[in-house]
2 protein chains.
Amino acid sequence: MIENSGCPLARSRTPASPRRRCAIATPLRSEAANEPKARGRRRSLQAEAAILKATLYLLERQPLRKVTADAIARRAGVSKTTIYKWWPNKSLVALDAYLAGMTEQVAMPDTGSAELDFTQQLKSVMAFYTSPLGRLFCQFLAEGQSDPGFLALFRERFLYARRDTARVMWRRGVDRGEIREEVDGEIVLDLIYGPMIFRLLAGHGSLSDRESEAVVEAVFGGLRRSKNGRRGRARPDVTVSGATVQPGVNPQEAEVV
Amino acid sequence: MIENSGCPLARSRTPASPRRRCAIATPLRSEAANEPKARGRRRSLQAEAAILKATLYLLERQPLRKVTADAIARRAGVSKTTIYKWWPNKSLVALDAYLAGMTEQVAMPDTGSAELDFTQQLKSVMAFYTSPLGRLFCQFLAEGQSDPGFLALFRERFLYARRDTARVMWRRGVDRGEIREEVDGEIVLDLIYGPMIFRLLAGHGSLSDRESEAVVEAVFGGLRRSKNGRRGRARPDVTVSGATVQPGVNPQEAEVV
DNA sequence: TATTGTGGACTGAACGTCTAGTTTAGTAGA
DNA sequence: TCTACTAAACTAGACGTTCAGTCCACAATA
């Protein structure tokens, strides 16, 4: 227990495993149970804490890509080898620091109204995501675009946990008869959070409380205009053939242009 | 005209400007008008085309970060110096290749119904974004997370053009009385596209035609359940979907990571 | 003393630059 | 018209730099 921190992404300390043991496949806290009592020098908790702290410090000031392992080591007063001893790469150090540094900054409201719950929650989430620490969310998504394994880990360790929370709010709304149950719950979550996250990434729109409110209001109210019978389509379905994607994006003959 | 291609992101050819001239601040086609007729050897259109083609080829096979300038030069049969002569960095070569290679792969439907328009458009967009070329969209967003200048350029050269198109569909819907006009148009666009783009980036959900339809239906119908019966449609009329792409054979049907 | 942690030096990949020399094209003088 | 001159683009490849990740010798500890 003392010898191993709670660092969920760190390498396993299993003696047999030499180096290239990737943390992604590593169980969370495999050791401590049937481990044959460690013999040599013990892992420095101080060094580990310093690494995570230094990582957070740097990541709050510049994008993940520009934070170097050397800089982390220097700031933490630790050798770079120590970092790579416990984490397979820089991104996972960052994710670990992020997870450790969050400590539930976003709460789950329960006001009795699903719409109000989601409004408060979205405002809270966006306030966090636009903070120095929260901005890491985008950095991780960005990193994931060139590292599928990392993206999967990020989903599992962060995204899904968040969605589980939000799903509870959705479920309550459905049970209370506030939310149409024929809309898939996963889509509901993406309807609520997707628009603002898109803005967060692309930077094309504001992210203030007002927008969070407007998004939830629109999602709940719908775009369709309901008064004096003008709810539906103006005309019946018309198939437009030219609206589809052009073929020829075959992966094989991808020599476009 | 012959001497300069339409490459919108390339460096300006102004003789006075030596190197460090960033394309971001460069006017699109400043030359050709009052330029004192070029003297020396002319820019090789062949080399430029080869660079863009090679870049696309590589980018359709691996993420932007893993495509090196050396690899582009090698595949294009061109000196690396030639690349850096015309583009300030790799990312802008990629963006240029992307813009040049798209040639309007996604059309704007006009069916007479805003909801149907958006459904078809979203399906079309997502089919493109999940194609090898379209996947670059995510790469650019990712790149932009550590390079604000690039992100701004991406917004201007790509995102805003797309949104202008989509805004037309929204406007038509409002004018026809189909869409509640009190919902801000920019938010409408993000409501439609945000959820799927979020999925595209995080890889936590499917991106098939079915989801596109469900998103638009939910956005138009709203989540809120009215007291007397339901407000939105239980099932969207998606009869058109069969006319466009066959779901079974669709490569975009698969869950993307 | 066996085992593990640590630090500095090291390797390799990649970006982007620089130099030297070659090719192409306009210009000017014979 | 022919030819030398000059400006610009191109090629090849070496180079400087930064950074990720590794190696190895040594220090700390059960």
Side-chain angles (χ1 to χ4, degrees), chain A residues 2-5 10-23 31 35-48 50-51 58 62 64-74 76-94 143 146-147, chain B residues 2-5 10-22 31 35-48 50-51 58 62-74 76-94 143 146-147:
Chain A
I2 290 177
E3 19 185 19
N4 189 25
S5 72
R11 295 171 187 277
S12 163
R13 203 162 159 280
T14 324
S17 78
R19 274 299 155 98
R20 288 290 61 184
R21 178 85 176 270
C22 184
E31 39 260 334
E35 192 142 346
K37 59 187 72 174
R39 277 208 61 182
R41 177 177 174 177
R42 285 179 181 164
R43 177 173 184 182
S44 164
L45 294 180
Q46 193 181 347
E48 180 187 316
I51 290 169
L58 294 168
Q62 45 191 332
L64 174 55
R65 256 184 90 168
K66 305 222 166 132
V67 172
T68 70
D70 284 279
I72 296 173
R74 203 176 321 122
V78 144
S79 163
K80 201 165 48 154
T81 317
T82 305
I83 297 178
Y84 283 106
K85 170 108 194 177
W86 295 106
W87 290 273
N89 58 54
K90 196 182 63 177
S91 306
L92 288 183
V93 182
E143 185 69 19
S146 57
D147 186 343
Chain B
I2 289 176
E3 22 186 14
N4 189 25
S5 72
R11 294 172 188 279
S12 163
R13 202 166 159 280
T14 324
S17 79
R19 275 300 156 96
R20 289 288 61 185
R21 178 89 176 268
C22 183
E31 39 261 335
E35 192 142 345
K37 58 190 73 172
R39 275 208 64 181
R41 180 176 174 177
R42 287 177 183 165
R43 177 173 184 180
S44 164
L45 294 180
Q46 195 181 346
E48 180 187 316
I51 290 168
L58 295 168
Q62 46 191 333
L64 174 56
R65 260 182 86 169
K66 304 219 168 135
V67 171
T68 72
D70 282 278
I72 295 173
R74 202 176 322 121
V78 144
S79 165
K80 200 166 47 155
T81 317
T82 306
I83 296 178
Y84 284 107
K85 168 114 195 175
W86 298 107
W87 289 274
N89 58 55
K90 196 182 64 177
S91 305
L92 288 184
V93 182
E143 184 70 19
S146 57
D147 185 344

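The sequence lines fix the lettering, A, B, ..., with proteins before strands; numbering per chain opens at 1. Treat the numbers as computed from the prediction; the structure is a model and nothing was measured.
Distance from the side chain of R41(B) is smallest for dT22(C) among the nucleotides dT22(C), dT6(C), dA12(D).
Rounded to a whole Å, the CD1 atom of I51(A) is 11 Å from the C1' atom of dT6(C). As rounded to whole Å, 13 Å separates atom C1' of dG16(C) from atom CD1 of I72(B). One atom, CZ of R43(B), and another, C1' of dA25(C), lie 17 Å apart when rounded to the nearest Å. The CZ-P distance, from R74(A) to dG8(C), rounds to 12 Å in whole Å. The interatomic distance linking E48(B) (CD) with dC10(D) (C1') rounds to 14 Å, in whole Å.
Judged by distance alone, with hydrogens and angles left aside, T81(B) brings a side-chain donor or acceptor within reach of the base of dG13(D), the pair sitting under 3.5 Å. Judged by atom type and distance alone, S44(B) does not reach the base of dA9(D) through any side-chain donor-acceptor pair under 3.5 Å. Not a single donor-acceptor contact under 3.5 angstrom links the side-chain atoms of R42(A) to the base of dT29(D). With hydrogens and angles ignored, no donor-acceptor pair under 3.5 angstrom links the side chain of T82(A) to the base of dG5(C).
For dG16(C), the OP1/OP2 oxygens have no side-chain nitrogen or oxygen of W87(B) closer than 4.0 Å.
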Protein-nucleotides 17-20 of chain D N/O pairs closer than 3.5 Å?
from, atom 1, to, atom 2, distance (Å)
dA20(D), OP1, K90(A), NZ, 2.8
dA20(D), OP2, A69(A), N, 3.0

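The CZ atom of R74(A) sits 6.0 Å away from atom OG1 of T68(A), with the distance rounded to the nearest 0.5 Å. For the atom pair OG (S91(A)) and CG (L64(A)), the distance works out to 5.0 Å, reported to the nearest 0.5 Å.
Applying the side-chain contact (heavy atoms from CB on, under 4.5 Å) rule to T82(B) yields the partners I51(B), V78(B), S79(B), W86(B); only residues at least two apart in sequence or on another chain are considered. Listed by chain and number, the residues in a side-chain contact (heavy atoms from CB on, under 4.5 Å) with Q46(A) are S44(A) (sequence neighbours excluded). Every salt bridge (charged side-chain N to carboxylate O under 4.0 Å, His left out) that K80(B) has, sequence neighbours left out, goes to D70(B).
Scanning both residues, N89(B) and Y84(B), for their nearest heavy atoms gives CA-CE2, 4.1 Å.
A salt bridge is defined here as a Lys NZ or Arg NE, NH1 or NH2 lying under 4.0 Å from an Asp or Glu carboxylate O, and E48(B) with K85(B) fails to meet this definition.
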